[in-house]
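What you are looking at is a predicted structure, and each value in this text was computed from that prediction instead of being measured. Every chain is numbered from 1 and lettered A, B, ... according to where its sequence line falls, protein lines coming before strand lines.
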Amino acid sequence: MENTLKATIAKAFQALYNTEIKAEDLSLQSTRKEFKGDFTFVVFPYLRFSKKKPEQTANEIGEFLKTKITEIIGFNTIKGFLNIELSSSYWLNEFNKIINTQNYGLATPSSKPTIMIEYSSPNTNKPLHLGHVRNNLVGYSVAEILKASGHKLLKVNLINDRGIHICKSMLAWEKWGNGETPESTNTKGDHLVGKYYVRFDKELKKEIATLIAQGKSQEEAEKEAPLMQQVQAMLRQWETGDAATLALWNKMNAWVYKGFDETYKRLGVDFDKIYHESETYLLGKTIVIKGLEKGIFYKAEDNSVWCDLTNDGFDKKILLRSDGTSVYMTQDIGTAVQRFEEFDLDRLIYVVGNEQIYHFKVLFKILEKLGYTWAKKMYHLSYGMVELPFGKMKSREGTVVDADDLLTEMEAQAKAISKALGKLENYTEEQANDTFYKIAISALKYFILKVAPVKTMLFNPAESIDFNGNTGPFILYTFVRIKSLLKKSELENSLPKSVETGIAAQETELKLIQLISTYPAIVQQAADDFNHAAIANYIYELVKEYNHFYHQITILKETNQQLKQFRLLLSQKVSQTIESGMKLLGINLPERM
RNA sequence: GCCCCCAUAGUUCAAGGGAUAGAACAAGAGUUUCCUAAACUCUAGAUGCAGGUUCGAGUCCUGCUGGGGGCACCA
C-alpha cells in the first residue's frame with residue numbers, strides 16, 4: 001500500500017503540477033495517533049512545484065488519491081499534513097495476509113551473507129558483573145536481530161585467558177589459598193578465582209603504602225613492591241612454558257570456565273566458536289613484520305615497531321615492543337586476518353565497550369593501510385558503561401553488581417510477588433521455579449535492552465526488580481493473559497484462517513493490525529541500526545495497545561461469532577508477535593504467571 | 001593539552017529533519033457482579049546555554065557549559 005500511495009502521489013504531481021517526481025523519493029509516515037488517518041504525506045517540501053498554499057496542495061493531492069485508490073475512504077489536511085484514511089476492510093484484508101504468513105516479520109534464514117559477531121570476551125580472573133551482562137545481552141540480541149533480517153550468523157567469544165591479571169589471582173591463591181577449590185569451599189569457580197584477585201590487590205596496596213611510608217614515590221613503590229615483582233616473574237614463567245605455572249593456570253582457568261558456563265546458560269547466551277587469547281596472542285607478528293618490510297610501519301632506534309597514523313588523525317601506535325613481543329593491537333590484527341581467511345564474512349562486528357573506540361578506529365585504519373579490502377567490513381558496536389547509583393563499579397574494590405547474585409535476587413523477588421498475588425497455585429515446584437526464572441531474566445534483559453547501546457545507562461538494583469511499568473514482566477503478563485484467554489475460548493486450534501473483511505472492527509482493533517503490520521519494517525530497521533531498543537520499544541507499544549483493547553472490548557462473551565473469532569485471531573497474532581520480538585531480545589515467555 | 005561519546009519532566013528511558021516532544025516510575029484521583037487488577041482510566045510536570053542552516057530543529061552545523069571515556073613497550 002505504501003508503494004501504491006507513493007506511485008499515485010507521483011502521478012498526482014504529474015497530473016496536477018506537471019512535475020516529475022520519483023515515487024521512491026517520496027516519503028510517507030504513519031499518522032500520529034492524535035490525528036485521524038493511517039498514512040501521512042507532508043507537502044511542505046513540494047510547495048515550490050504546486051505554487052499553492054500547503055492546505056490547498058494537500059487537498060488537491062488528497063482528492064486525486066481518493067479517486068484513484070479505492071481503499072482510501074477519506075483524508076484530512078492539517079497545515080501541510082495530508083492524512084490519508086484507509087477503510088477498515090483494507091486493514092482486515094492486510095490482517096488476513098499477515099495471519100497467513102509463515103514466520104511473519106522474519107526474512108528467509110541465511111538468505112543474506114555471513115556476519116561474525118564477537119561478544120562477551122571475558123577475562124578469566126573474576127566473575128561476570130553487570131557490565132559483562134550488558135555486553136552479552138547486546139551481543140546475543142543483535143545477533144538474533146541480524147539473523148531475523150536474513151543473515152547467517154557466527155557468534156564468537158574471545159576469552160582473555162592470559163596475562164598479568166590472571167597471574168595475580170594465581171599468585172594470591174598460591175600464597176593464601178591453602179589449597180582451596182570450588183568443591184572444598186562450595187563456591188563457583190569464577191567467584192573463587194575472583195576472590196583471590198581482590199585479595200592480591202588488597203595486599204599489593206598494603207605493600208605500596210609501606211614503601212611510600214618509607215619515603216618512596218607512588219611510582220617507585222608500585223614498581224618495587226615485592227608482589228608486583230613476583231607476579232611479573234610469574235608471567236615470564238608462563239610465557240616460557242614453565243610446567244608448574246601452566247598446571248596452576250590450567251587448573252584455575254578450568255574453574256573459571258565452569259563458572260562462566262553456568263552464568264552463560266543462565267543468561268541464555270551461546271557461541272558458535274570460542275577463541276582463547278593464549279592461542280591467538282602471538283598471531284599478527286609476521287603480518288607486522290611484512291608490513292615493516294613494505295615500509296607501512298617503521299622501526300624505532302630501540303627496535304620497537306610502530307605505525308605512524310599522525311596523517312590519519314591518530315597518534316603513533318606501537319605494534320611490537322623493543323624485545324620483539326606483541327601487544328594487544330598486534331594480536332587483534334592477527335585474529336582479524338585469521339577470521340577473514342577462515343570465513344567468507346560480509347561483516348565482522350565487535351561488541352566491546354565504548355572505552356575502546358579509539359583502539360578499534362586505529363585497528364581498522366592499520367588493516368586498511370596493510371591493504372586488506374575487507375577492513376571496511378569491520379564494525380565496532382560500542383555500548384556505554386553501566387553506572388550504579390552509588391558510584392562506579394570496580395571489581396578490584398569489590399564494588400560491583402555480580403551477575404549471579406543479581407539473577408538470584410531477581411528470582412527471589414519474582415517468587416515473593418507471585419506468592420503475594422496468589423498466582424501459580426497447583427504448579428509443581430519445578431514449574432514454578434522455571435516461571436520465576438523466566439520472569440526474573442525477562443526483567444533483567446528488558447531493563448538493559450530497552451536502552452540504546454550508545455547510552456551510558458544507570459542501573460538501580462532496587463528499581464530494576466520493580467515489575468511494574470515498562471518492564472519485561474509487564475510484557476510477560478500481557479502474553480500469559482492472551483494465552484489464558486485462548487485456552488478458555490477452547491477455539492485456539494479451530495480458528496479460521498481469515499476474517500470477513502466486512503465486519504465492524506473497532507478503532508483499537510484497527511490500530512493493533514496497523515501496529516502488527518509495521519513489525520517487519522521494525523525488525524529491518526533494528527538490524528540496520530544494530531539497535532535492540534527499537535524492538536523493545538515496539539513490543540512495549542504493541543502490548544500497551546493490546547491492554548487497552550483488552551479492557552475495552554469483550555471477547556469471550558461476544559455473541560457475534562465472526563467478531564469473536566476475529567478478536568481471538570487478533571489476540572493470537574499479538575501474542576505471536578510479542579513472542580517473536582521477545583525472542584530477538586533473547587527472552588523466553590512463560591505460559592502462566 | 002588533544003580526541004571521542006553523552007545531555008529531554010523530580011527520576012529512568014522514547015521520539016527515521018515534520019504536527020500539540022511520547023512512556024514508565026515517583027505524586028494525586030478513579031475503575032473489579034466481566035476473559036489473570038503484575039491491568040486499565042484521568043490529573044500535574046521536560047528538550048543545558050548562545051548563535052546558525054531550513055518552509056520546519058530535541059534531531060544537522062559552530063561555540064560554550066556540565067557529565068563520561070580515551071590518548072601506555074596494559075589488555
Side-chain angles (χ1 to χ4, degrees), chain A residues 27 29 31-35 40 42-48 54 78-81 83 121 123 160 162-165 277 281 300 302-306 313-315 317-329 331-332 353-359 361-362 382 384-385 387 389 392 414 417-418 420-423 439 447 450-452 454-460 463-464 466-471 473-478 480-489 521 525 528-529 533-534 536-537 540-541 544 547-558 567-568 571 592-593:
Chain A
S27 82
Q29 46 197 291
T31 303
R32 296 180 58 152
K33 63 180 173 191
E34 56 269 39
F35 300 98
T40 295
V42 184
V43 301
F44 290 115
Y46 306 101
L47 297 181
R48 59 201 165 100
I78 295 165
K79 291 187 267 181
F81 298 88
N83 298 321
S121 309
N123 290 346
N160 199 344
R162 63 163 283 280
I164 199 90
H165 52 84
E277 202 198 301
Y281 81 108
D302 62 359
N303 275 335
S304 55
V305 177
W306 296 74
F314 303 107
D315 297 315
K317 181 68 203 175
I318 188 158
L319 297 174
L320 290 177
R321 297 187 186 100
S322 49
D323 62 5
T325 56
S326 303
V327 296
Y328 179 40
M329 187 62 78
Q331 170 199 299
D332 269 0
N354 63 8
E355 71 275 12
Q356 293 197 36
I357 287 176
Y358 182 79
H359 170 81
K361 278 186 181 167
V362 168
S382 72
M385 302 248 160
E387 289 181 348
K392 283 195 192 309
I417 292 175
S418 296
L421 294 171
K423 305 281 175 105
I439 294 168
F447 191 89
K450 75 177 174 184
V451 182
V454 286
K455 303 266 189 165
T456 300
M457 66 174 287
L458 185 87
F459 187 88
N460 184 329
E463 276 177 29
S464 72
D466 184 352
F467 293 160
N468 293 312
N470 185 359
T471 64
F474 171 79
I475 292 163
L476 262 48
Y477 176 70
T478 305
V480 300
R481 222 164 47 165
I482 297 174
K483 281 284 172 194
S484 167
L485 178 77
L486 292 168
K487 206 171 176 184
K488 284 209 168 134
S489 76
Q525 189 69 45
D528 291 346
D529 299 344
N537 291 326
Y540 181 61
E541 210 181 321
K544 263 198 311 182
N547 283 340
H548 179 69
F549 157 84
Y550 182 89
H551 276 265
Q552 193 185 319
I553 309 263
T554 304
I555 301 167
L556 294 182
K557 288 192 173 169
E558 173 60 53
R567 287 168 189 168
L568 286 168
S571 299
R592 295 175 48 177
M593 64 187 276

Task: G63(B) to A27(B) separation - P atoms, rounded to the nearest Å - done: 44 Å

Open item on the list: Of the options U36(B), U41(B), A23(B), whose atoms approach the side-chain atoms of His548(A) most closely?
Closed with: U41(B)

Task: N/O (side chain, Arg481(A)) to phosphate O (OP1/OP2, A37(B)) under 4.0 Å - done: yes

- [ ] Could you give the distance separating G28(B) and U65(B) at their C1' atoms, to the nearest angstrom?
- [x] 36 Å

Task: Phosphate contact (U54(B) OP1 or OP2) by Arg48(A) side-chain N/O below 4.0 Å - done: no

Open item on the list: Can you see if the side chain of Lys455(A) gets near the phosphate of A14(B) - specifically, an N or O under 4.0 Å from OP1 or OP2?
Closed with: yes

Open item on the list: Using the P atom as the point on both nucleotides, what is the distance between A57(B) and A14(B), in whole Å?
Closed with: 23 Å

Task: Distance, P atom - from G51(B) to G70(B), rounded to whole angstrom - done: 35 Å

Task: Side-chain-base donor-acceptor pair under 3.5 Å for Asp466(A) and A26(B) - done: no

- [ ] With P as the reference atom in both, quote the distance from A39(B) to G48(B) in angstrom, rounded to an integer.
- [x] 31 Å

Open item on the list: Using OP1 and OP2 only, check whether a side-chain N or O of Ser484(A) sits under 4.0 Å from U36(B).
Closed with: yes

- [ ] Just compare A14(B), U36(B), G70(B) and give me whichever is closest to any side-chain atom of Ala452(A).
- [x] A14(B)

Task: Minimum-distance nucleotide (side-chain atoms of Val42(A) versus U12(B), A14(B), G18(B)) - done: G18(B)

TODO: Using both distances under 3.5 Å as the test, list the Watson-Crick or G-U wobble partner of C2(B), or none.
DONE: G70(B)

Task: Complementary nucleotide for A14(B) - Watson-Crick or wobble, under 3.5 Å - done: none

Task: Which nucleotide in A39(B), A72(B), A75(B) has an atom nearest any side-chain atom of Ile318(A) - done: A72(B)

Task: A50(B) - base-pair partner by Watson-Crick or wobble geometry, distances under 3.5 Å - done: U62(B)

Task: A19(B) pyrimidine/purine six-ring stacking with Phe81(A), under 5.5 Å and 30° - done: yes

Task: Earlier contact from the 5' end, RNA chain B, for His165(A) and Pro473(A) - done: Pro473(A)

Task: d(CD, Gln356(A); C1', C71(B)) in whole Å - done: 13 Å

Open item on the list: By nearest atom, which of the nucleotides A38(B), A75(B), U36(B) is closest to the Leu421(A) side chain?
Closed with: A38(B)

Open item on the list: With a 4.0 Å limit, can you tell me whether Asn547(A) has a side-chain N or O closer than that to the phosphate oxygens OP1/OP2 of C40(B)?
Closed with: yes

- [ ] Classify the nucleic acid contact of Tyr328(A) as base, sugar-phosphate or nothing, counting any heavy atom under 4.0 Å across all strands shown.
- [x] base

Open item on the list: Can you tell me if Arg321(A) touches the phosphate of C74(B), counting only side-chain N or O atoms and a distance under 4.0 Å to OP1 or OP2?
Closed with: yes

Open item on the list: Please classify the nucleic acid contact of Leu458(A) as base, sugar-phosphate, or nothing, using heavy-atom distances under 4.0 Å.
Closed with: sugar-phosphate

Open item on the list: If you only use heavy atoms from C-beta on, which nucleotide in A38(B), C13(B), A19(B) is closest to the side chain of Met593(A)?
Closed with: A38(B)

Task: Whichever of Arg32(A) and Ala414(A) has its nearest RNA chain B nucleotide further upstream toward 5' - done: Arg32(A)

Task: Nearest-nucleotide pick for Phe474(A), side chain only, options being C40(B), A14(B), C35(B) - done: C40(B)

Task: Tyr540(A) over A23(B), stacked by centroid distance under 5.5 Å, angle under 30° - done: no

TODO: For G45(B) versus A9(B), give the span between their P atoms, rounded off to a whole number of Å.
DONE: 15 Å

Open item on the list: Does the structure show a Watson-Crick or G-U wobble partner for C35(B), both distances under 3.5 Å? Name it, or say none.
Closed with: none

Open item on the list: When you measure from the side-chain N and O atoms of Asn468(A) to the phosphate of A39(B), is any distance below 4.0 Å, counting only OP1 and OP2?
Closed with: yes

Open item on the list: Taking C61(B) as the reference, what is the distance to C25(B) when you measure between their C1' atoms (whole Å, please)?
Closed with: 36 Å

Open item on the list: With a cut-off of less than 4.0 Å, is there a side-chain N or O of Lys544(A) near OP1 or OP2 of A39(B)?
Closed with: no

Open item on the list: If you only use heavy atoms from C-beta on, which nucleotide in C4(B), A39(B), U36(B) is closest to the side chain of His551(A)?
Closed with: A39(B)

TODO: Could you label the plane-to-plane angle of the His359(A) and Tyr328(A) rings as parallel, tilted or perpendicular, counting under 30° as parallel and over 60° as perpendicular?
DONE: parallel

Task: Closest to side chain of Lys361(A), choosing from C13(B), A75(B), C4(B) - done: C4(B)

Open item on the list: Let's test your reading of the model: under 3.5 Å, does the base of A38(B) pair with the side chain of Ser418(A) as donor and acceptor?
Closed with: yes

Open item on the list: By the 4.0 Å heavy-atom rule, please label Ile553(A) as base, sugar-phosphate, or nothing.
Closed with: base

Open item on the list: Looking at the base of A38(B), is there any donor atom on it, or on the side chain of Thr471(A), that sits under 3.5 Å from an acceptor on the other one?
Closed with: no

Open item on the list: Closest approach to the side chain of Val451(A), judged atom by atom: which nucleotide of A38(B), C13(B), U36(B) is it?
Closed with: C13(B)

Open item on the list: Can you tell me whether the base of U20(B) sits syn or anti, using the 90° cut around 0 to define syn?
Closed with: anti

Open item on the list: Please classify the nucleic acid contact of Ala533(A) as base, sugar-phosphate, or nothing, using heavy-atom distances under 4.0 Å.
Closed with: nothing

Open item on the list: What's Asp332(A) touching, base or sugar-phosphate or nothing? Going by heavy atoms closer than 4.0 Å.
Closed with: nothing

- [ ] Using only side-chain N and O atoms of Lys317(A), determine if any of them is under 4.0 Å from OP1 or OP2 of A72(B).
- [x] no

Open item on the list: Just N and O in the side chain of Lys423(A): are any of them under 4.0 Å from OP1 or OP2 of A38(B)?
Closed with: yes

Open item on the list: Both distances below 3.5 Å, Watson-Crick or wobble geometry, any strand: find the nucleotide opposite U43(B).
Closed with: A27(B)

